[in-house]
There are 6 protein chains.
Amino acid sequence: MPYINIKITREGVSKEQKAKLIDGVTKLLSDVLNKKPAATFVVIDEVELENWGIGGLPVEDYRKTLSNQ
Amino acid sequence: MPYINIKITREGVSKEQKAKLIDGVTKLLSDVLNKKPAATFVVIDEVELENWGIGGLPVEDYRKTLSNQ
Amino acid sequence: MPYINIKITREGVSKEQKAKLIDGVTKLLSDVLNKKPAATFVVIDEVELENWGIGGLPVEDYRKTLSNQ
Amino acid sequence: MPYINIKITREGVSKEQKAKLIDGVTKLLSDVLNKKPAATFVVIDEVELENWGIGGLPVEDYRKTLSNQ
Amino acid sequence: MPYINIKITREGVSKEQKAKLIDGVTKLLSDVLNKKPAATFVVIDEVELENWGIGGLPVEDYRKTLSNQ
Amino acid sequence: MPYINIKITREGVSKEQKAKLIDGVTKLLSDVLNKKPAATFVVIDEVELENWGIGGLPVEDYRKTLSNQ
């Protein structure tokens with residue numbers, strides 16, 4: 001009975017893409033560990049860009065530093 | 001000083017119901033483990049239906065498969 | 001299909017106490033929100049004392065400050 | 001920069017199986033959302049059987065009720 | 001490659017304050033454990049007041065009990 | 001009443017270093033958001049190297065690819 005939590009930035013991920021993530025990760029747990037899909041929970045969290053940090057910066061500012069390199 | 005996180009689907013849970021969850025789980029920790037309510041945190045996360053998967057499907061699609069059985 | 005995560009300090013919680021937490025929180029979700037127990041997951045995390053902080057101190061040091069008051 | 005947390009029961013999952021989970025979920029995020037593997041974190045939590053509840057019971061007790069049906 | 005999750009109540013925290021949290025916690029991990037900022041993720045969750053409980057009460061009700069003392 | 005969860009790889013972090021993390025992040029929340037230390041929880045999770053993935057690989061394998069560049 002696995003529980004999988006996927007955290008991504010909120011940037012227009014579609015319903016179809018979310019369904020693919022749910023399907024794919026459930027299959028992965030079934031293939032690798034023989035876990036039953038009916039007992040596999042997947043929760044996707046979409047995080048606002050200003051709430052996600054990397055490199056000590058909010059992600060939008062971090063991306064600017066990369067594109068300026 | 002327990003920390004309890006309750007994740008449920010976002011489906012019109014009322015303020016009163018949330019208060020009951022907070023009260024109930026805090027009492028449970030106090031009854032079973034003698035934890036002080038003043039040092040017990042409860043955080044409720046309401047998750048959009050399209051962000052919760054079970055059985056390899058978003059929860060709404062999964063429910064349809066059950067009702068078709 | 002709720003998911004509940006209970007974090008407590010690792011201080012000799014027994015199997016029976018854990019079973020009571022699992023039973024109690026599952027009943028709570030059933031009573032308040034009519035959630036099916038068979039689709040309710042509970043995960044208990046026991047955290048080493050030196051890994052839990054409160055008041056800016058590891059919990060053992062924090063408790064000493066309280067008992068010295 | 002996704003972060004994926006996989007929680008499973010601690011039941012002898014091998015290093016190879018964990019590597020497959022890490023590889024598979026990273027590829028999934030790359031395929032579906034074009035996320036860079038170098039910025040994809042995966043954390044696997046193995047949870048003791050007595051710390052995981054379903055159906056209001058610790059998972060081992062729950063499995064017994066299923067096999068008795 | 002640390003992952004830090006900061007949960008706070010949703011009460012008008014500004015973009016600048018979030019940037020300071022991201023910067024500060026990333027520096028802390030770098031100073032104390034020599035972790036590389038570019039491999040440090042910070043995720044801030046802002047939780048609605050009615051979804052956060054303490055002392056067995058939603059946080060707003062709890063604060064009223066304190067101010068009445 | 002913030003809750004902060006710090007996830008790091010399990011690689012010999014000392015009690016003193018953990019105390020510094022707890023102290024530092026509690027001060028940060030106090031400085032930036034005026035949060036009371038007595039109502040700030042910090043939980044540190046140390047994750048086994050084989051349970052942490054980055055770049056589609058367990059972290060030890062990932063580091064080897066970096067050092068081979």
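Protein chains get the first letters and strands the later ones, always in sequence-line order, with residue 1 at the start of each.
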Original post:
Can you list every ring pair (Phe, Tyr, Trp, His ring centres under 6.0 Å) pair that touches residues 15-37 of chain C, not counting sequence neighbours?
Top reply: none
Original post:
Residues of residues 54-61 of chain C under 4.5 Å from chain F (heavy atom pairs)?
Top reply: I54(C), G55(C), G56(C), L57(C), P58(C), E60(C)
Subject >> Selection from T40(F), V13(F), I44(F) maximising heavy-atom pairs under 4.5 Å formed with chain C >> reply: I44(F)
Original post:
Of all the residues in residues 28-38 of chain F, which have a heavy atom that comes within less than 4.5 Å of a heavy atom in chain C?
Top reply: P37(F), A38(F)
Original post:
Do any of residues 16-27 of chain C come closer than 4.5 Å to chain F, heavy atom to heavy atom, and if so which ones, in number order?
Top reply: none
